[in-house]
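What follows is one structure encoded as structure tokens, with my remarks underneath.
Predicted, not measured: the structure shown is a model, and the values here were computed from it. Letters A, B, ... mirror the listed sequences (proteins, then strands); counts begin at 1.
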There are 2 protein chains.
Amino acid sequence: MRDKVNIAGVQMEPIIFEKEGNVAKMLAALRTAAGQGAQLIVFPEAALTGYCFTSLEEAVPLTETVPGPGTQRLAAACGELGVYAVFGLLEKDGDRYYNAVALLGPEGFVGKYRKIHLPYLGIDRFLDWGDQPPEVFQTGIGRIGINICYDVTFPETARVMALQGAEIVALSTNWPEGRENAAKYLINARALENRVNYIAVDRVGQERGGRFIGRSKIVDLLGNTLAEAGPTEEEIIYANVYPAAASQKRSIFIPDEFENHIFADRRPELYGAVTEPCNSAKIRGTRSWR
Amino acid sequence: MRDKVNIAGVQMEPIIFEKEGNVAKMLAALRTAAGQGAQLIVFPEAALTGYCFTSLEEAVPLTETVPGPGTQRLAAACGELGVYAVFGLLEKDGDRYYNAVALLGPEGFVGKYRKIHLPYLGIDRFLDWGDQPPEVFQTGIGRIGINICYDVTFPETARVMALQGAEIVALSTNWPEGRENAAKYLINARALENRVNYIAVDRVGQERGGRFIGRSKIVDLLGNTLAEAGPTEEEIIYANVYPAAASQKRSIFIPDEFENHIFADRRPELYGAVTEPCNSAKIRGTRSWR
């Protein structure tokens, strides 16, 4: 049985270059949230390293393999506390570098996701694009999918995971100023349109002149906001979600009209342009830095 | 030049079976909105007929061809007033019946859309599924795409139209109680994720014991709500939108970071499951009434 799961979002301010300090802060928050009963604890994007690097060279010393030293330290704590954790870091894999998120659990390293939508911002300008479709991870508390920041702008990302059976989507993000509407509307929309539980965890504070907007949020599978953080302070938000209920895609907004099914009612035979590759690849090729 | 376009949403209460009265009300609203300077005037789903039919037979006498008598009367008014109009009706085409929306303009009948996502509700239970991808119509005020009600739950619908160049999406809807989060979150999300202007026009009032929730809304291409109607009263909402700006998909939320492009940054090569047909068609086949 995995009925009710308590999930937590650690809205924090990572300090750029201060990996050791960031890990210490994350370990402390992990203990706090676990102490409050959280079973899944989500951290922001690039929580280990910071984000606003001005070159790849500057960031390379902070990158690491996944799994690797950072994930091992956090996984050890997850093992001790019996919790799952999701957090962002910069991954090194040979001569390639990714904006990645690791999923850890009581059993150790569970999996990772490499950001597939890269904005022309911060360290993302210099990284490699993730080249795998978003994966869904089977865990002891449900099936978890991971997104990073800009991914949420693209409805296809959560969709692909929901179609693969995701019950909880965790978004680690670093939303800069101007992305208030992403926090306000997109999180609830992704939950509602896919009937998944959604947790978005942002950072706060300034980094090299850029301000991040907080507003971390936990949304239930009908799109209702269960918990929401403020725009500036470090804080941990908590909510109970029901992962198994996400596998029920029949409409439940009108109890006696139960034959609607938000996946069966899809018309993929009419969505051709959504996966049409040419235009997109062509425009992407015009980026001056590619 | 088609810089600024004033658009209007006529939130009204159609009366079931009272086609003549509904047309008269629509013609009056068309004149009122045109008098206020509106260039595109959007009405709810099934505005001509009502929605809560309990059999196809009951609705058949209210169906008509498109174009046909209802569209001709409204098109004549559009011609006289020099405006575009979007409204919902029940279409008869031989022995097939559709939940349709017609687009009319100063030049007469422009085009139509047949709902491709049918909920198990009202007349939709008995209709044929639209079998054409959503089309985008080139008009004198911009490129217009049309959706109906439940379509908005599926992010693919607006996406397909935006990828075809839609600048304004008009949603004619009949949202029953329970769909408040669609009004609250999905409209803004569709606009923001596709960078299109979005107008959603709902009905109000009760019909055969079912209540509809109003909350018609006009949203700009960054997801900001420009105008919003209340939950119970008939009213007309207005806002200015900028259709041509929707063709600019580069990110504008951070002025000096202009290389983001929300279409070029898509990764359709990783969205395979979004158009995978089997599962969906299979589940759909289980509907007892098919």
Side-chain angles (χ1 to χ4, degrees), chain A residues 116-121 129 131-134 150 153-156 159-160 163-164 176-179 181-182 184-186 188-190 192-193 222-224 251 253-254 257-277 279-281 283-284 286-289, chain B residues 116-121 129 131-134 150 153-156 159-160 163-164 176-179 181-182 184-186 188-190 192-193 222-224 251 253-254 257-277 279-281 283-284 286-289:
Chain A
I116 62 171
H117 299 99
L118 299 187
Y120 191 72
L121 279 176
W129 298 65
D131 56 5
Q132 297 300 315
Y150 193 37
T153 304
F154 303 85
E156 295 90 348
R159 193 61 138 189
V160 168
L163 287 169
Q164 291 178 78
E177 284 188 302
R179 295 303 284 159
N181 280 349
K184 191 170 179 184
Y185 299 113
L186 293 184
N188 302 70
R190 298 293 167 257
L192 178 59
E193 69 205 15
L222 297 180
N224 300 303
S251 183
F253 66 86
I254 299 181
E257 298 286 5
F258 46 78
E259 291 215 50
N260 296 313
H261 187 293
I262 61 160
F263 280 2
D265 292 343
R266 295 177 70 241
R267 303 294 303 281
E269 67 275 23
L270 303 179
Y271 301 157
V274 175
T275 50
E276 200 283 323
N279 184 46
S280 175
I283 307 173
R284 199 184 312 142
T286 65
R287 281 195 165 184
S288 56
W289 53 281
Chain B
I116 64 172
H117 299 99
L118 299 187
Y120 193 72
L121 279 175
W129 298 66
D131 56 5
Q132 297 300 313
Y150 192 37
T153 304
F154 304 84
E156 296 89 347
R159 194 59 141 191
V160 169
L163 287 169
Q164 292 179 79
E177 284 187 302
R179 294 304 283 159
N181 280 349
K184 191 171 179 182
Y185 299 114
L186 294 184
N188 303 70
R190 298 292 168 257
L192 178 59
E193 70 204 14
L222 297 179
N224 300 302
S251 182
F253 66 86
I254 298 180
E257 299 286 3
F258 47 79
E259 290 215 51
N260 296 313
H261 187 293
I262 60 159
F263 279 2
D265 293 343
R266 296 176 69 241
R267 303 295 303 280
E269 66 275 23
L270 303 178
Y271 302 156
V274 174
T275 52
E276 201 281 323
N279 186 44
S280 174
I283 305 173
R284 199 185 313 143
T286 65
R287 280 192 166 187
S288 56
W289 53 282

How close do [X] and [Y] get, heavy atom to heavy atom, and via which atoms?
{"X": "Leu222(A)", "Y": "Asn181(B)", "result": "O-ND2, 3.0 Å"}
{"X": "Leu270(A)", "Y": "Asp131(B)", "result": "CD2-O, 3.7 Å"}
{"X": "Ile262(B)", "Y": "Phe154(A)", "result": "O-CE2, 3.1 Å"}
{"X": "Tyr271(A)", "Y": "Val160(B)", "result": "CA-CG2, 3.8 Å"}

Looking only at heavy atoms and a cut-off of under 4.5 Å, which of [options] has the most pairs with chain B?
{"options": "Pro134(A), Pro155(A), Ala189(A)", "answer": "Pro155(A)"}
{"options": "Asn188(A), Leu186(A), Thr153(A), Leu192(A)", "answer": "Asn188(A)"}
{"options": "Glu156(A), His117(A), Glu193(A)", "answer": "Glu156(A)"}

| request: Please state whether the side chain, the backbone, both or neither of Gln164(A) comes within less than 4.5 Å of a heavy atom of chain B. | output: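 Neither the backbone nor the side chain of Gln164(A) comes within 4.5 Å of chain B.
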
| How far does CG of Leu118(A) sit from CG of Asn260(B), to the nearest 0.5 angstrom? |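 Rounded to the nearest 0.5 Å, the CG-CG separation comes out at 9.5 Å.
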
| query | Does any non-hydrogen side-chain atom of Tyr185(B) lie less than 4.5 Å from one of Asn224(A)? | reply |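 Heavy-atom side-chain distance check fails, nothing below 4.5 Å.
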
